[in-house]
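Data block below; observations after.
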Amino acid sequence: MHRLLLRVFNRLLEDFGEQHWWPTLSKNKRLEIIIGAILTQNTSWKQVEKAIRKLHERGLLNEKKLREIPEDELANLIRCTGYYKQKARKIKEFLKFKEQITRENLLSIWGIGKETADSILLYAYNKPVFVVDAYTKRIFERLGFGKMNYDELQKLFHDNLPKGVKLFKEYHALLVELGKNYCKKRNPLCGKCPLKDICKYRTK
DNA sequence: TACCAGGTCCTCG
DNA sequence: CGAGGACATGGT
């Protein structure tokens with residue numbers, strides 16, 4: 001079992017190479033990652049990039065500026081990411097937060113769920129927490145692990161991998177790459193998939 | 001046209 | 001707890 005997780009990782013790394021995540025453009029990487037983590041909720045990264053670029057151009061990747069801008073103006077700037085009113089509120093809620101950054105505290109913020117909290121911990125604060133997302137769930141279900149919820153899947157990784165920030169970042173990024181381009185929801189490219197000899201799932 | 005995208009909250013049983 | 005709906009724009 002432990003071996004399988006590493007085998008999947010090594011195979012993906014061989015095929016895709018290092019992913020250099022999380023992509024950012026500003027100096028304030030930490031804030032930018034947090035904003036990105038909120039904006040990408042159920043939304044393609046491409047749209048998030050557009051919105052982040054817009055914020056960056058206006059000097060808004062800055063806590064003070066973000067606090068000053070009215071919520072509805074912020075909402076308009078991030079419209080292309082969908083759920084834009086909710087997301088504007090989520091960003092504002094995060095900015096109000098003054099406690100120590102722990103998983104429990106992050107989860108107490110309105111709009112920050114498990115995946116967003118873990119993304120923030122791993123990518124913005126370099127804490128060794130495995131991020132589970134829709135791709136992870138789909139890929140491992142097809143690999144033959146059955147339907148697993150967030151906590152079960154995260155535990156699987158925590159229990160069976162060496163605990164390391166670098167490994168967790170890279171693994172998650174590689175799963176995203178696989179999920180986007182091969183292990184797609186609709187038309188998975190099983191014939192060309194790097195995991196085809198490991199995976200049970202097949203499409204006609 | 002319908003479905004999908006690096007989720008989360010709320011309500012109901 | 002888990003299921004189901006709401007949130008919403010843009011790409012294919």
Side-chain angles (χ1 to χ4, degrees), chain A residues 8-9 12 16 18-25 29-30 32-55 71-97 103-125 127 129-143 146-155 157 165 167-189 203:
Chain A
V8 166
F9 174 76
L12 293 176
F16 298 151
E18 290 204 28
Q19 298 297 301
H20 311 297
W21 262 31
W22 188 290
T24 51
L25 14 129
K29 283 176 167 270
R30 180 165 282 175
E32 185 177 338
I33 289 168
I34 292 165
I35 303 294
I38 291 171
L39 293 184
T40 199
Q41 291 175 359
N42 204 40
T43 300
S44 66
W45 184 254
K46 194 157 205 164
Q47 300 307 128
V48 177
E49 282 183 317
K50 279 190 215 164
I52 294 267
R53 212 162 23 242
K54 223 183 280 189
L55 295 176
E71 193 168 311
D72 59 330
E73 270 183 50
L74 176 58
N76 272 323
L77 291 171
I78 60 174
R79 180 182 289 268
C80 64
T81 65
Y83 310 143
Y84 60 98
K85 291 177 190 167
Q86 282 198 350
K87 285 174 179 174
R89 180 179 163 205
K90 290 175 182 182
I91 290 170
K92 289 291 191 181
E93 292 289 337
F94 179 83
L95 291 169
K96 285 184 203 160
F97 178 74
R103 189 171 198 263
E104 192 185 2
N105 284 342
L106 285 172
L107 289 174
S108 73
I109 303 172
W110 186 88
I112 309 285
K114 289 172 184 172
E115 185 185 335
T116 309
D118 290 340
S119 296
I120 290 171
L121 289 169
L122 180 63
Y123 289 104
Y125 290 88
K127 304 289 184 194
V129 180
F130 201 91
V131 176
V132 175
D133 59 16
Y135 293 134
T136 316
K137 289 180 184 151
R138 183 166 71 233
I139 291 165
F140 280 82
E141 180 175 358
R142 287 177 177 171
L143 278 172
K147 268 205 191 313
M148 295 174 79
N149 66 28
Y150 194 99
D151 295 332
E152 293 167 338
L153 214 30
Q154 186 176 56
K155 183 168 165 36
F157 284 90
V165 171
L167 174 64
F168 286 2
K169 285 184 179 179
E170 197 59 40
Y171 207 147
H172 175 231
L174 288 165
L175 290 175
V176 171
E177 194 61 18
L178 183 75
K180 265 200 253 201
N181 302 311
Y182 296 89
C183 198
K184 301 190 286 184
K185 188 162 193 177
R186 199 76 77 76
N187 301 111
L189 306 179
T203 44

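Letters A, B, ... are given to chains in the order of the sequence lines, protein chains preceding strands, and every chain is numbered from 1. Predicted model only: the values in this text are computed from it and were never measured.
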Query - Charged N-O contact under 4.0 Å between A:Glu93 and A:Lys96 - result: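 Yes.
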
Whole angstrom value for the distance that separates [atom2] of [N] from [atom1] of [X]:
X        : N     : atom1 : atom2 : value
A:Lys137 : B:dA5 : NZ    : C1'   : 14 Å
A:Tyr150 : C:dA3 : OH    : C1'   : 21 Å
A:Ile38  : B:dC9 : CD1   : C1'   : 14 Å
A:Met148 : C:dC1 : CE    : C1'   : 17 Å
A:Glu115 : B:dA5 : CD    : C1'   : 12 Å
A:Arg89  : C:dA6 : CZ    : P     : 18 Å
A:Ile120 : B:dG7 : CD1   : P     : 14 Å
A:Glu93  : C:dC7 : CD    : C1'   : 16 Å

Query raised in the report: Does a donor on one side chain and an acceptor on the other come within less than 3.5 Å for A:Asp133 and A:Thr136?
Result: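 There is such a pair between these side chains.
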
Query - Between A:Lys90 and A:Thr116, a side-chain donor and acceptor under 3.5 Å - result: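 A:Lys90 vs A:Thr116: no donor-acceptor pair found between side chains.
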
Report task. Would you mind telling me which residue lines up with the more 5' stretch of DNA chain C, A:Lys50 or A:Lys87, judged by nearest nucleotide? Result ->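 Its nearest nucleotide being more 5', the pick is A:Lys87.
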
From the options [options], select the nucleotide whose nearest atom is closest to the side chain of [X].
X        : options              : answer
A:Lys185 : C:dA8, B:dC4, C:dG10 : B:dC4
A:Gln86  : C:dC7, B:dC4, C:dT9  : C:dC7
A:Gln41  : B:dG7, B:dC4, C:dT9  : B:dG7

At 4.0 Å (heavy atoms only), tell me whether [X] reaches a base, stays on the sugar-phosphate, or touches nothing.
X        : value
A:Lys184 : nothing
A:Ile112 : sugar-phosphate
A:Gly113 : sugar-phosphate
A:Leu107 : nothing

Requested in this report: Return the 5'-most residue of the pair A:Trp110, A:Lys46 with respect to DNA chain B, ranking by each residue's nearest nucleotide.
Outcome: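 Looking at DNA chain B, the more 5' nearest nucleotide goes with A:Lys46.
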
Report task. State, with a plain yes or no, whether a side-chain heavy atom of A:Ile139 is found less than 4.5 Å away from one of A:Val8. Result ->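 No - every pair of side-chain heavy atoms lies 4.5 Å or more apart.
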
Requested in this report: Would you check if A:Ile120 and A:Tyr125 make a side-chain contact, meaning some heavy-atom pair closer than 4.5 Å?
Outcome: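 Of all side-chain heavy-atom pairs linking A:Tyr125 with A:Ile120, at least one is under 4.5 Å.
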
Requested in this report: Could you work out the separation of B:dC10 and C:dA8 based on their P atoms and round it to a whole Å?
Outcome: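 So the two P atoms sit 14 Å from each other.
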
I want to check one thing: is the phosphate of [N], taken as OP1 and OP2, less than 4.0 Å away from some side-chain N or O of [X]?
X        : N     : answer
A:Arg186 : B:dC3 : no
A:Tyr84  : C:dA8 : no
A:Thr116 : B:dT8 : yes

Query raised in the report: A:Glu170 side chain to A:Gln19 main-chain N or O, any donor-acceptor pair under 3.5 Å?
Result: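 Yes; judged by distance alone, with no hydrogens or angles, the pair exists.
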
Query raised in the report: Does A:Tyr83 lie flat on the base of B:dG7, that is, centres under 5.5 Å apart and planes under 30° off?
Result: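 Stack criterion met.
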
